[in-house]
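Notes follow the structure.
What you see below is based on every heavy atom in this structure, not just the backbone, and it leaves out hydrogens, waters and symmetry mates. Along the sequence shown, residues are numbered consecutively beginning with 1.
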Amino acid sequence: MLATIFLHINKTAGTTLYYILDQHFPRQTRYTIGFDGSFDDFKNLSAARRSNLRLLRGHIGYGVHQYLPQPAQYFTFLREPIGRTISYYQFVRRTPKHYCYDQLTVRKMSLTDFIDSQIDRMTDNAHTRLLCGLETGQEVPFGECTQDMLATAKQNLKTNIVLIGLTEKFDATLLLLKRTFGWRNLYYAPQNVSPGEFTLDHLPSATVQTLRQVNELDIELYQYAAELFEQQVQHYGDTFAADLQEFQMNNRRWAPLYKLMWAIPQFSVRTKLRKWLRPDRNAR
């Protein structure tokens with residue numbers, strides 16, 4: 001049995017994707033690091049439990065497959081690094097359970113303050129950290145990511161990641177997921193979207209420069225990933241643009257119902273809605 005690993009880099013639309021994944025993997029066959037337990041908890045699972053997993057996901061680095069007795073395949077999403085870092089700062093600022101929340105709010109840190117404090121290594125080339133083989137991304141001190149790490153991350157993307165998604169092309173990535181894994185139920189309602197998120201246009205030039213400096217490797221890695229993404233699209237075939245347009249039209253139609261379905265806590269009602277909304281009933 002083949003396991004699928006979703007390498008979830010923070011703030012790359014992973015929460016929305018989790019809801020989609022839940023439609024394709026039974027609860028007892030999936031494990032979410034950070035929700036079902038810590039990384040150490042996962043590693044301490046019995047061999048029988050790990051061998052039963054069909055989906056492993058969380059903020060984990062490439063290489064976690066070594067803890068699974070069965071073969072595994074990876075996919076991941078990347079996001080434009082400057083926008084991702086801004087979104088991550090916004091996320092920390094509104095999430096009391098985050099390990100940096102208290103320091104950020106008590107000290108009233110601006111985005112620049114937050115980066116300069118170096119208290120969170122996920123603002124420093126997070127893509128490179130998680131794709132180069134670090135287990136959690138935290139193992140290398142702030143500011144010490146290397147060109148060798150970047151080269152390893154590129155190699156993993158090219159040869160060891162079955163599918164590379166881009167947050168900015170989320171719908172297009174879903175079509176590629178459908179083609180790659182055979183998933184059919186991919187309609188969605190966006191989840192965990194940062195409210196009132198500011199952009200580069202709202203930031204001082206010095207802050208933008210700081211963002212570029214701490215994400216220099218990630219910027220290059222993202223450009224490389226975008227090239228690989230376009231190769232995936234070309235491999236899809238000549239119908240990609242038309243299929244994407246049809247998917248987006250249908251998703252606009254079904255998204256309100258999926259938003260309601262995902263919000264309903266009663267399992268029995270949710271199950272009935274899922275059956276009613278199953279792909280073979282949806283307009284194509």
Side-chain angles (χ1 to χ4, degrees), residues 1-47 49-79 81 84-85 87-88 91-92 95-101 120-140 153 156-157 160-167 170 173-174 177 181 183 188 190-194 218 221 225 262:
M1 179 178 62
L2 184 67
T4 297
I5 300 174
F6 172 39
L7 196 160
H8 177 197
I9 300 167
N10 309 68
K11 301 308 295 176
T12 58
T15 301
T16 300
L17 189 60
Y18 277 23
Y19 281 86
I20 294 173
L21 291 172
D22 287 350
Q23 316 306 309
H24 297 88
F25 294 91
R27 178 68 187 89
Q28 67 273 16
T29 68
R30 60 183 191 255
Y31 191 95
T32 305
I33 293 176
F35 178 80
D36 293 313
S38 67
F39 198 0
D40 287 338
D41 291 333
F42 161 71
K43 289 188 286 188
N44 289 327
L45 291 175
S46 68
R49 173 75 173 100
R50 281 182 280 127
S51 65
N52 190 51
L53 293 178
R54 292 177 54 202
L55 174 67
L56 176 62
R57 60 189 176 184
H59 300 311
I60 48 180
Y62 178 83
V64 67
H65 65 278
Q66 66 182 300
Y67 299 107
L68 293 174
Q70 68 272 39
Q73 58 186 355
Y74 285 86
F75 77 97
T76 191
F77 273 69
L78 285 81
R79 179 177 178 179
R84 190 210 70 86
T85 305
S87 181
Y88 183 65
F91 170 74
V92 176
T95 308
K97 292 183 178 180
H98 192 277
Y99 54 85
C100 291
Y101 175 82
D120 195 331
R121 295 172 184 176
M122 287 298 102
T123 62
D124 171 41
N125 293 303
H127 293 87
T128 301
R129 289 172 176 271
L130 291 175
L131 287 165
C132 77
L134 301 181
E135 284 195 347
T136 67
Q138 303 286 349
E139 293 86 348
V140 174
N156 283 332
L157 281 179
N160 298 321
I161 307 292
V162 173
L163 187 136
I164 301 162
L166 300 179
T167 302
F170 188 77
T173 302
L174 292 183
L177 285 168
F181 298 127
W183 299 341
Y188 68 94
Q191 303 292 313
N192 198 28
V193 177
S194 299
D218 269 11
L221 183 62
W262 291 348

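Residue Y88 is tested with K11, R79, H98 for a side-chain hydrogen bond (donor to acceptor under 3.5 Å, both in side chains); the sole match is H98. Looking at F39, F6, F25, F42 one by one, the single match for ring pair (Phe, Tyr, Trp, His ring centres under 6.0 Å) with Y31 turns out to be F42.
The CG atom of L78 lies 6.0 Å from the CG atom of L157; values are rounded to the nearest 0.5 Å. Here the CD1-OG1 distance, from I60 to T136, works out to 11.0 Å after rounding to the nearest 0.5 Å. Atom CZ of F77 sits about 12.0 Å away from atom CG of L7, to the nearest 0.5 Å. Rounding to the nearest 0.5 Å gives a distance of 6.5 Å between OG1 of T32 and CG of L55. Taken from CG in N125 to CG in L130, the straight-line distance is 11.0 Å, to the nearest 0.5 Å. Atoms OG1 and CZ, from T15 and F91 in turn, are 7.5 Å apart once rounded to the nearest 0.5 Å.
The list of salt bridge (charged side-chain N to carboxylate O under 4.0 Å, His left out) pairs with a residue in residues 59-68, not counting sequence neighbours, is empty. Residue pairs meeting the salt bridge (charged side-chain N to carboxylate O under 4.0 Å, His left out) criterion with at least one member in residues 122-133, sequence neighbours excluded: D124-R129.
Listed here is the closest heavy atom pair of A47 and P69: O-CG, 4.1 Å. When all heavy atoms are compared, the tightest approach of T173 to G165 is CG2-CA, 3.3 Å. Taking all atoms of both residues into account, the shortest heavy-atom contact from Q28 to N52 is O-ND2, 3.5 Å. Heavy atoms only, all atoms of each residue included: D218 and A126 are closest at OD2-N, 3.0 Å.
Evaluation of the salt bridge (charged side-chain N to carboxylate O under 4.0 Å, His left out) rule for D36 yields R27 as partners, not counting sequence neighbours.
Side-chain N or O atoms of D41 include one that pairs as donor or acceptor with a backbone N or O of S38 at under 3.5 Å. Q70 contributes a side-chain N or O that, together with a main-chain N or O of R50, makes up a donor-acceptor pair within less than 3.5 Å. Judged by distance alone, with hydrogens and angles left aside, the side-chain atoms of Y99 form no donor-acceptor pair with the main-chain N or O of D120 at under 3.5 Å.
The number of heavy atoms from other shown groups lying within 6.0 Å of CZ (F35) does not exceed 12.
Side-chain atoms of N156 and Y74, non-hydrogen and from C-beta on, never get closer than 4.5 Å to each other. Residues E135 and Q66 are in side-chain contact: their nearest non-hydrogen atoms beyond the backbone lie under 4.5 Å apart. Contact annotation: the side chain of L21 never approaches that of R30 to less than 4.5 Å [non-hydrogen atoms, C-beta and beyond]. Residues L56 and H65 fail the side-chain proximity criterion, which asks for heavy atoms closer than 4.5 Å. Counting heavy atoms from C-beta outward, I20 and L177 have side chains that stay 4.5 Å or more apart.
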Report the C-alpha separation of V162 and F181 in whole Å, then their side-chain angles, then the decisive distance to 0.1 Å, and conclude whether the side-chain contact (heavy atoms from CB on, under 4.5 Å) test is met. CA-CA 10 Å; V162 173; F181 298 127; 4.2 Å; yes
Please step through side-chain contact (heavy atoms from CB on, under 4.5 Å) for the pair R84 and H127, ending with a clear verdict. CA-CA 10 Å; R84 190 210 70 86; H127 293 87; 3.5 Å; yes
Please assess L2 against Q73 for the test side-chain contact (heavy atoms from CB on, under 4.5 Å), listing each intermediate value before the final yes or no. CA-CA 7 Å; L2 184 67; Q73 58 186 355; 3.4 Å; yes
Chi angles and distances behind the side-chain contact (heavy atoms from CB on, under 4.5 Å) call for L174, Y188: CA-CA 10 Å; L174 292 183; Y188 68 94; 3.7 Å; yes
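Ring to ring, H8 and Y18 are close: their centroids are under 6.0 angstrom apart.
A cation-pi arrangement is absent between K97 and Y101, since the terminal nitrogen or guanidinium carbon is not both under 6.0 Å from the aromatic centre and inside a 45° cone about the axis.
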